[in-house]
Amino acid sequence: MAFAIKTEIREPQAKAFTFAAQKTMYGGKLIVAGDVVFVFASENEGGNGLIARGIVTAAEAVPRKAGIARQTPRVGIAVRRVALARQPLGRDQLKRFKDWDDGRPETELNFKFYRQATNKIVGITDKTAAFLERFF
């Protein structure tokens, strides 16, 4: 399984990234060292969408807080960048893909990242991972 993360990126050209206590959805909590992850710089923090493909070098679940009934699982990960995106892919390119049942990779990304605009780690299908590979 491949993953994607949308979060604040301060140094888009960095060779490695560390992301602490990231919210997870759509299977994102299953991320482990060795997994492929596509890194999106969150437009909410001034980013431009897809910037890199990397390999997870470390992943650690964040313990749940005592006394809170409903909590979104969080994970901290370290990522080694292996490629920089050659063309843009972000909210502007994905917002027209709104037919949630059409099975398109663009729609999956729009649904998982932008329907609920919070930053997060998500699991993605093999079809969507193959689609994202075309940007490198």
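FYI, the numbering just counts along the sequence from 1.
- Within 6.0 Å of CG on N48 lie no more than 12 heavy atoms contributed by other residues, nucleotides or ligands.
- Checking side-chain atoms of E43 against main-chain N and O of R91 turns up a donor-acceptor pair under 3.5 Å.
- Of the possible polar contacts, one joining the K120 side chain to the K112 backbone as a donor-acceptor pair under 3.5 Å is found.
- At distances below 3.5 Å, at least one donor-acceptor pair connects side-chain atoms of T57 with backbone N or O atoms of A78.
- A 6.0 Å sphere centred on CD of Q87 holds more than 12 heavy atoms belonging to other residues, nucleotides or ligands.
- Every residue was checked against the side chain to side chain contact (heavy atoms under 4.5 Å, CB included) condition with A130, not counting sequence neighbours, and none meets it.
- The pair E133-R53 meets the salt-bridge criterion, since a charged nitrogen lies less than 4.0 angstrom from a carboxylate oxygen.
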- Query: What do the steps show when you test L132 against L109 for side chain to side chain contact (heavy atoms under 4.5 Å, CB included), and what is the final call?
  - Reply: CA-CA 10 Å; L132 288 172; L109 292 167; 3.7 Å; yes
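- Identified under the ring pair (Phe, Tyr, Trp, His ring centres under 6.0 Å) test for residues 58-102, with sequence neighbours left out: W100-F111.
- Other residues, nucleotides and ligands place more than 12 heavy atoms under 6.0 Å from the CG atom of D102.
- Here F113 pairs with F40 under the ring-ring contact (aromatic ring centres under 6.0 Å, His included) rule; sequence neighbours left out.
- Atom CD of E60 sits in a sparse spot, with 12 or fewer heavy atoms from other residues, nucleotides or ligands closer than 6.0 Å.
- Hydrophobic clustering keeps I121 apart from F38 (ILVMFWY residues linked when any side-chain heavy atoms are closer than 4.5 Å, directly or through intermediates).
- Within 6.0 Å of CD on Q71 lie more than 12 heavy atoms contributed by other residues, nucleotides or ligands.
- When all heavy atoms are compared, the tightest approach of L30 to D35 is O-OD2, 4.1 Å.
- Counting only distance, with no hydrogens or angles, the side chain of R81 and the backbone of F17 share no donor-acceptor pair below 3.5 Å.
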